[in-house]
Amino acid sequence: MKFQAVRGFKDWLPEEFIRYHYLIEVARKHLRRANFKEIKLPILEKTELFVRSIGEVTDIVQKETYSFQDRNQEWLTLRPEATAGICRMFIEQGLHVRPKPIKIFTIGPMFRHERPQKGRLREFYQIDVEFFGNLSPYHEVELLELALTILNDPFQGREVEKNPFILEINSLGCPECRPTYRSYLVEALSGAKEDLCKTCQDRLLRNPLRILDCKEPLCRETVGALKPISDFWCNTCRAHFEAIRELLELRRLPYVVNPLLVRGLDYYVRTIFEIKGEGLGAQDTVCAGGRYDYLLRELGGPDIPATGFAIGLERWALVVYQKNEDLGRHLEKTLNPELFFIPLGEEARRKGLKLVKDLRDSGYQVEALYEERSLKALMREADKSGAKLALILGSEELEKEAILVKDLKTGTQKVISLSQLKNFIEEVLRSENIS
RNA sequence: GAGGUCGUAGCUCAACGGUAGAGCACCGGGCUGUGGCCCCGGGAGUUGCGGGUUCGAGUCCCGUCGACCUCCCCA
């Protein structure tokens with residue numbers, strides 16, 4: 001094979017594409033109902049934007065971005081996530097003058113140079129949802145429920161063992177109280193450096209909160225002996241977190257408090273969360289997000305609090321179609337034509353051009369072959385196409401101003417006058433067979 | 001970025017270091033106004049790529065590219 005796709009970049013064939021497309025439409029439906037408005041962002045931004053927003057010392061910025069200099073020697077980066085770009089747009093377009101809250105979402109590819117594995121590609125799709133303008137826990141819980149509603153939509157009304165998604169929440173504190181916890185961590189762990197893995201010894205200096213998230217058994221043990229972050233929350237943060245828990249319980253949304261949950265992006269404060277999917281292996285976070293109240297200001301914009309989340313489309317799809325194969329099969333079938341037009345002879349082909357166009361204008365999925373082949377061969381094509389009905393137009397039918405309609409599943413067929421064709425098709429497709 | 005498993009026809013996979021094969025799919029015919037089933041035939045490959053060892057390499061060795069799994073990271 002001469003050319004291969006770039007590592008971590010995948011082709012989406014029709015059968016696969018429709019599965020993603022369906023989920024995107026599901027997400028759009030729920031987001032529109034909640035009055036989120038869709039936008040489109042550039043795929044490239046200036047490198048500096050991501051350094052400033054995501055954080056200079058984060059892994060994403062340090063070793064996972066696709067960054068390069070363009071022909072003008074300007075440093076550009078393929079977006080590794082959407083929030084930074086949305087904030088840039090928010091400031092640049094002056095969205096703060098719009099009625100609040102400002103609720104926007106965007107769907108598109110993100111790029112991270114990581115080693116690919118299941119559920120982790122270098123180009124991957126995110127459904128990114130952002131909410132600007134209110135500090136209320138009500139809005140936060142509403143947002144959490146929205147995320148769960150979207151994720152669970154494909155499981156509604158089907159016999160699937162309950163909810164395949166688990167919500168984990170935590171609070172990182174705010175600029176008031178987080179530094180206290182941070183210094184406690186540094187102090188407590190500096191004395192016990194040998195009880196940390198190598199990367200964590202490094203993190204101690206650069207990004208101590210990430211140590212909480214380390215999977216090394218040694219670090220887990222060390223971290224387990226520490227005081228939890230909740231001991232350091234200020235009164236505001238504590239009350240905020242309690243309010244969120246209360247509202248989650250009011251809504252009967254199952255959740256787990258994970259005091260070790262942290263994020264890989266620096267801009268988060270206070271509430272953060274992850275939603276994990278079953279059966280995904282190591283890359284099991286399907287959706288994640290949290291508050292970033294100070295990001296706009298840090299980027300030179302207005303002082304408006306914000307919160308948001310992103311759903312990993314491919315990971316979501318893995319959970320959905322692994323647990324619901326019928327849905328995938330059903331979607332594949334919608335790719336098949338409803339009608340398959342088979343003209344026999346030159347006159348039929350000439351007449352068919354308009355007939356097919358009319359049927360398509362009426363909304364049917366129509367395939368047509370204009371080749372001079374045997375009826376047998378054309379029927380074989382019709383069969384393989386998965387079409388529901390074959391429409392055969394030959395000299396016999398032309399004489400009578402009619403057409404032969406054959407149900408490819410049952411094999412029954414009927415000659416219908418051309419004037420009655422649409423009515424007949426409509427009836428047959430509704431009742432699923434020719435009676 | 002590190003470790004492991006693996007790359008053979010469009011797909012799924014065979015082939016002790018000794019002539020690269022099967023099933024499915026594809027194309028044609030049996031069957032020129034009727035598809036699915038059946039029968040017959042056909043096309044298909046620089047064995048991911050590049051080196052090396054060997055009389056001889058799909059097979060062994062090295063490198064490289066890619067997939068998957070784990071670490072890491074994250075959606």
Side-chain angles (χ1 to χ4, degrees), chain A residues 1-10 13 54 58-65 79-83 107-129 147 151 197-200 202-203 207 210 213-217 219 261-265 273-277 280-289 308-319 340 342-345 348 369 372-387 389-398 404-413 415:
Chain A
M1 224 172 288
K2 197 123 195 178
F3 288 109
Q4 289 178 303
V6 174
R7 183 170 207 195
F9 287 63
K10 243 184 69 147
L13 295 175
I54 297 170
T58 56
D59 287 302
I60 293 180
V61 164
Q62 284 197 331
K63 47 191 193 193
E64 292 173 8
T65 51
R79 61 185 188 193
E81 54 104 50
T83 305
I107 299 168
M110 307 296 156
F111 304 86
R112 290 184 200 173
H113 191 111
E114 300 180 271
R115 190 134 172 185
Q117 65 188 73
K118 197 185 207 85
R120 191 173 74 185
L121 292 161
R122 289 180 172 183
E123 180 195 33
F124 60 100
Y125 265 65
Q126 279 193 350
I127 299 163
D128 187 85
V129 180
L151 294 174
C197 71
K198 262 184 123 179
T199 37
C200 282
D202 192 43
R203 281 176 180 145
N207 203 353
R210 302 256 22 193
D213 201 29
C214 187
K215 274 103 195 165
E216 287 285 327
C219 298
L261 184 66
V262 294
R263 313 265 53 238
L265 298 86
F273 71 96
E274 280 190 19
I275 299 174
K276 294 184 173 169
L280 280 184
Q283 314 301 323
D284 63 351
T285 301
V286 170
C287 172
F309 65 82
I311 292 171
L313 179 62
E314 292 88 345
R315 290 188 189 174
W316 182 26
L318 280 172
V319 178
F340 198 103
I342 298 177
L344 300 172
L369 287 183
E372 210 171 341
R373 297 171 68 188
S374 66
L375 176 57
K376 175 177 189 56
L378 294 170
M379 278 300 290
R380 216 184 345 252
E381 299 300 341
D383 182 52
K384 279 187 292 196
S385 78
L389 300 177
L391 308 179
I392 302 168
L393 187 63
S395 50
E396 289 173 27
E397 289 79 15
L398 281 171
L404 182 71
V405 180
K406 175 159 185 164
D407 187 321
L408 288 168
K409 204 162 168 187
T410 63
T412 52
Q413 60 185 48
V415 178

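Below, chains carry the letters A, B, ... as their sequence lines are ordered, and counting in each starts from 1.
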Quote, to the nearest angstrom, the [atom1] distance that separates [N] from [M].
{"N": "B:U19", "M": "B:G58", "atom1": "P", "result": "10 Å"}
{"N": "B:G21", "M": "B:G45", "atom1": "P", "result": "12 Å"}
{"N": "B:G51", "M": "B:C65", "atom1": "C1'", "result": "15 Å"}
{"N": "B:G3", "M": "B:U64", "atom1": "P", "result": "11 Å"}
{"N": "B:C27", "M": "B:A20", "atom1": "P", "result": "29 Å"}
{"N": "B:G4", "M": "B:G36", "atom1": "C1'", "result": "46 Å"}
{"N": "B:C13", "M": "B:G7", "atom1": "P", "result": "10 Å"}
{"N": "B:U8", "M": "B:G50", "atom1": "P", "result": "16 Å"}

Any base atoms under 4.0 Å from [X], or only sugar-phosphate, or nothing? Heavy atoms, all strands.
{"X": "A:Glu372", "result": "nothing"}
{"X": "A:Glu396", "result": "base"}
{"X": "A:Ala382", "result": "nothing"}
{"X": "A:Arg373", "result": "sugar-phosphate"}
{"X": "A:Gly119", "result": "base"}
{"X": "A:Gly345", "result": "nothing"}

Counter-base of [N], judged by Watson-Crick or G-U geometry with both distances under 3.5 Å:
{"N": "B:G28", "result": "B:C40"}
{"N": "B:G58", "result": "none"}
{"N": "B:G21", "result": "B:C13"}
{"N": "B:U5", "result": "B:A67"}
{"N": "B:U47", "result": "none"}

Quick test of your reading of the model: are A:Arg120 and A:Glu114 salt-bridged, counting only N-O distances below 4.0 Å?
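Yes.
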
Less than 4.5 Å apart, any side-chain heavy atom of [X] and any of [Y]?
{"X": "A:Leu151", "Y": "A:Cys287", "answer": "yes"}
{"X": "A:Arg122", "Y": "A:Pro116", "answer": "yes"}
{"X": "A:Leu344", "Y": "A:Leu375", "answer": "yes"}
{"X": "A:Ile392", "Y": "A:Met379", "answer": "yes"}
{"X": "A:Phe309", "Y": "A:Ile127", "answer": "no"}
{"X": "A:His113", "Y": "A:Thr65", "answer": "no"}

Looking at the side chain of [X], which of [options] is the nearest nucleotide?
{"X": "A:Leu404", "options": "B:C74, B:G33, B:G35", "answer": "B:G33"}
{"X": "A:Arg112", "options": "B:A75, B:G28, B:G33", "answer": "B:A75"}
{"X": "A:Arg210", "options": "B:G33, B:C74, B:C68", "answer": "B:C74"}

5' priority, RNA chain B, between A:Leu393 and A:Tyr125 [closest heavy atom]:
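Looking at RNA chain B, the more 5' nearest nucleotide goes with A:Leu393.
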
Between [atom2] on [N] and [atom1] on [X], what's the gap in Å once rounded to a whole number?
{"X": "A:Ile342", "N": "B:G35", "atom1": "CD1", "atom2": "P", "value": "10 Å"}
{"X": "A:Leu375", "N": "B:G35", "atom1": "CG", "atom2": "P", "value": "7 Å"}
{"X": "A:Glu114", "N": "B:G66", "atom1": "CD", "atom2": "P", "value": "15 Å"}
{"X": "A:Glu381", "N": "B:G28", "atom1": "CD", "atom2": "C1'", "value": "13 Å"}
{"X": "A:Lys10", "N": "B:G66", "atom1": "NZ", "atom2": "P", "value": "16 Å"}
{"X": "A:Leu13", "N": "B:C11", "atom1": "CG", "atom2": "P", "value": "11 Å"}
{"X": "A:Leu378", "N": "B:U32", "atom1": "CG", "atom2": "P", "value": "13 Å"}
{"X": "A:Arg380", "N": "B:U32", "atom1": "CZ", "atom2": "C1'", "value": "13 Å"}

Going by modelled atom types, is there a donor-acceptor pair between the base of [N] and the side chain of [X] at under 3.5 Å?
{"X": "A:Gln413", "N": "B:G33", "value": "no"}
{"X": "A:Arg120", "N": "B:C72", "value": "yes"}
{"X": "A:Arg7", "N": "B:A67", "value": "no"}
{"X": "A:Arg115", "N": "B:C68", "value": "no"}
{"X": "A:Lys376", "N": "B:C31", "value": "yes"}

Side-chain N or O of A:Gln117 versus OP1/OP2 of B:A67: is the shortest distance under 4.0 Å?
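Result: no.
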
Phosphate OP1/OP2 of B:C27: any A:Lys384 side-chain N/O under 4.0 Å:
yes

Could you grab the distance from atom CZ of A:Arg380 to atom OG of A:Ser385, nearest 0.5 Å is fine?
13.5 Å

Would A:Trp316 count as stacking on B:A75 if stacking means ring centres less than 5.5 angstrom apart and planes tilted under 30 degrees?
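So A:Trp316 does not count as stacking on the base.
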
